[in-house]
Amino acid sequence: MIESILKRYPKERRFLLAILQDIQRTYNYLPRKALNEVREYLDIPLSSLYSMATFYRALSLKPKGKYVIRVCDGTACHIRGSMNLLEEIKRELSLLPGEITPDGKFSLETVNCLGSCAIAPVMMINERVYGNLKPDMLKEIFSSLGG
Amino acid sequence: MVEDNMPDKKTVLICCGTGCLANNSYEIYRELKKRVEAAGEDISVKPVLKTTGCNGLCEKGPVITILPEDIFYCKVKISDVDEIFEKTLLKGEIIERLLYLDIKTGKKVKSHKESEFFKRQKKIALRNIGQIDPANIEDYIQREGYRALKKALFEMSPDEIINEVEKSGLRGRGGAGFPTGYKWKQAKKINSFPKYVICNGDEGDPGAFMDRSVMEGDPHSIIEGMIIGAYAVGAQKGFVYIRDEYALAVKNVSRAIKDAYGRGFLGENILGSGFNLDIEIVRGGGAFVCGESTALMASIEGRVGEPRVKYIRSTEKGLWGQPTVLNNVETWANVPVIVDRGAKWFSSIGTEKSKGTKIFSLVGKVNNTGLIEVPMGVTLREIIFDIGGGIPGGKKFKAVQTGGPSGGCIPESLLDLPVDFDSLDKAGSMMGSGGMIVMDESTCMVEVARYYLKFLSEESCGKCTPCREGIRRMLEILEDICAGKGREEDIELLLELAETVREASLCGLGKTAPNPVLTTIKYFKDEYLAHIKEKRCPAGVCKELTSYRINQELCKRCGVCAKKCPAGAIFSKPKSPYVIDNNKCIVCGACREACRFNAIEVMGRREG
C-alpha cells in the first residue's frame, strides 16, 4: 500500500509533506515501517521525517480513532462555549484531547479554527461538520455512531 | 462585472457553503432536484438548480435564492421542499414564513438585497459567490470571467499591468497591507529565472474564513488573478497553498485548475499569446505559522515550516531562492476586477491609503454572523450594529477583536473608528486577515488574552527564543491571574515581557503576539484588577473566580436552569425559587444562558 502512495510522486523532496499526508490518511497515523520506506525512496534521513511528523498537526506518530472528533477552539467557538463541549465529551466518553478510547473507536483533538465560525461552536467528526452545538446534544451524536 | 446579471431562466441557487452544508443544504438540493425531475413535462419552464458557495449570511442558513424573481428564503428545512416546489416554483407564490426578518426594521423582506445586512455591502472579491456554481467554469465566464485575462494578455504590457495594480492602491489582504503593485514591480525587476507566484490559502487566524469562502465559492477568480500576476512578473509556475482542513476548497480549486487547462487559460501558449503557466495545489500540514510567507515557502519545498529572517525579500529570493510573488487569496481575487475596470474605478472606493473593499467574517456575539464585504473606511459601529444587527439577547457590547491572534481588542469608545489598515494599527490592533469577533459582557477579556497566548505558544515554531520562551512566560502569568493567583506586579511584568517579545522576535508571529495582551491591558485594565485584587471575574468566565447565585426575586420558578444543568446542581423545594448547590456546580454557565429572566447572578470566588 505504501508503494502505491510513493508511486504517485516523483522522487523530489517537495512532495514529502504530500506523501506523509497520504500515509496518514491511509493508516490514520505514520507507521514506522512506512517512514522507513519514505526515507529510502526520497533519500532523506529519518530524523527529518520525525521533525516533519512532530511539526505538522495533520501528522501523527500514534494511531487515531475510527472516528476522529475535532472540537474547534477558534475564538468564535471559544467565546460561545467550546470548553463546555470538551467537558461534556470528558463526561460522556472519558476522553481528553489527544487521547483515544480503549476500543479505538473515538479519538479527540482540539483544532484552532475550522473556518465555520458563523455556526459556532463547531466540531467535526471525520468529514462531517456539526454546528451550533450545545453540550446536551453530544450524547445523541455519539450514540448514533455507536459510542 | 460587479453588478448582477440576472439570468432570464428560472434558477434556484442553493447555498452549499460550509455553514449551510452543516444544516443539510445538500440534502435540500437533492430533494428539490428529485421533485423537479419527477414533475417532468408538468412544468412549462424547468428551473435550473445550482449549488453555490457561501452567501455570507450563515446565521440564517440554509439559504436559497430563486431567480429571476429574486426571492430569498432562509433557515430552509428538508420538510419545506415540497411547499417551495408547489407554491413558489410552480405558482410564483411567496412563502412568508421563510423570508428573511430584518432585525433593524422588524420587517420581512423578499429579496436579500433589501435587507440591511446586504444593502450596505459592496462586493468585489465576493462578486460571484452565491451567484455561480463554483464547479462550473461556464458560470464564471458568463459573468465576465477571464475577460480581464484576455485584456492583460493582448492589450497590455507587463509593465502596464503592474502600473495599473500599483495605481489602484491595492494592498495585501492577508493582513500586513503591503502594496501589491510594488511587490510585483520588485519581482519583475530581477533578472533571474524561474520565477514563482504563490497564492496563500493557509488561512489560520481563528475567526476568519473569507479565504475559505472564496476558494470554495469562486476559485476561478483566484486563478485568473494568478495568471495575470504571473504574466506581469514573468513567472511560469504557480502554487496554491491550501490549508489541510479545507477539504472542499482543495476539491473546488483542483477542479477549477483542471477546467482552466481545458479551456486554454493555463498550460502552454495560453490563448495563443505565447505565455506559459502551470499551477498546482499544495496542501498545508496544519501549522499556523505556515501562513507566514517564508514559512509557507519552506513548507512547499517539503521542509518544516519555519520562517527565515527577511534581510532579503522573497521578491528577490523566495521559493528555492528564486524571485517569488506571494499574495493572499483575497488579493488575487481582486486583481481581475482591477485590470478589467481600471485603477481609477478601484481607487475611487475606500479611504486615502486603503483602497477598495475588505471582506470580514463577522462572528461571535452578534446577531447576523457571517461573511461581509464593505468599502474600506466604514466604521466598526456600522459593521457591528447596522450590518451585524447588534448583540443578541439584549446584552451589552464589550469589545471587538480584529486581526486574529496578532490583533487586539477594541473597546466601545473606539467604535466610530473607520476600518482601514492604518487606523486599526493606531488603535493597537490590526486589519489582519479580516476576522472580526464581537464580544459582549459575558466575555472575560483577561481570559481572551490568555486564550490567544495559549494559541500562539502552541503555534510558535520554536526557532527564536523571544517568541518561544517569552510567549510561554506571559501565558503562565495570565493563567495565574485567571486562576486567582495573580499578583499586583504581574501587569508590569506582562508589559515588560511584551516589549521584549515584540522587539526581538524573528517573524510576524512573535512581533505581533503581545497585541492581545497589550490592548486588553490598555482598554480593560479594570478587569485585570478585579481578577488580581478582588479575586473576581466580572464576566463570570474564569471558573476559579466565579460562582453563581439565583436571584430569589427574579426567579420565576420555570425550572429551565435545573433542566439544563449538566451537574444536577440546581434544585428547588415546592413553591420556592430555585437554588444552586455550590459544591456540585461546575460553573459551566448553562443555567445563565438558559434563564430568560436574567435571574442567574455572577458572584466572586466561591467561599470555603
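Throughout, a chain's letter reflects where its sequence line sits, starting with A, and its residues are numbered from 1. Because only heavy atoms are used, hydrogens play no part in the values below, and waters and symmetry mates are left out as well, while side chains stay in. Please read these numbers as outputs of a predicted model, since none were measured by experiment.
Looking at A:Arg128, only its side chain comes within 4.5 Å of chain B, counting heavy atoms on both sides. Proximity to chain A (any heavy atom under 4.5 Å) is restricted, for B:Val366, to the backbone atoms N, CA, C and O. A:Glu127 touches chain B through its side chain: at least one heavy atom from C-beta onward sits under 4.5 Å away, while N, CA, C and O do not. Using a 4.5 Å cut-off between heavy atoms, B:Ile300 contacts chain A through its backbone alone, with no side-chain atom that close. Contacts of B:Gln401 with chain A are absent, with no heavy-atom separation under 4.5 Å from either backbone or side chain. Proximity to chain A (any heavy atom under 4.5 Å) is restricted, for B:Asp205, to the backbone atoms N, CA, C and O. Heavy atoms closer than 4.5 Å to chain A are found in the side chain of B:Thr443, but not in its backbone.
The residue among B:Glu593, B:Arg283, B:Glu59, B:Glu301 with the most heavy atom pairs within less than 4.5 Å of chain A is B:Arg283. With chain A as partner, the option from B:Cys588, B:Cys58, B:Ala287 having the largest number of non-hydrogen pairs under 4.5 angstrom is B:Cys588. Annotation: maximal heavy-atom pairing with chain B below 4.5 Å, among A:Thr54, A:Val111, A:Asp73, occurs at A:Asp73. Contact count against chain A (heavy-atom pairs under 4.5 Å) is highest for B:Asp244 among B:Asp244, B:Leu371, B:Leu57. With chain A as partner, the option from B:Glu459, B:Glu447, B:Met439, B:Arg303 having the largest number of non-hydrogen pairs under 4.5 angstrom is B:Arg303. Contact count against chain B (heavy-atom pairs under 4.5 Å) is highest for A:Ser116 among A:Cys77, A:Gly81, A:Ser116, A:Cys72. Residue with the most contacts toward chain A among B:Glu306, B:Glu245, B:Lys365: B:Lys365 (heavy-atom pairs, distance under 4.5 Å).
Rounded to the nearest 0.5 Å, atoms CG (B:Asp211) and CD (B:Glu216) are 11.0 Å apart.
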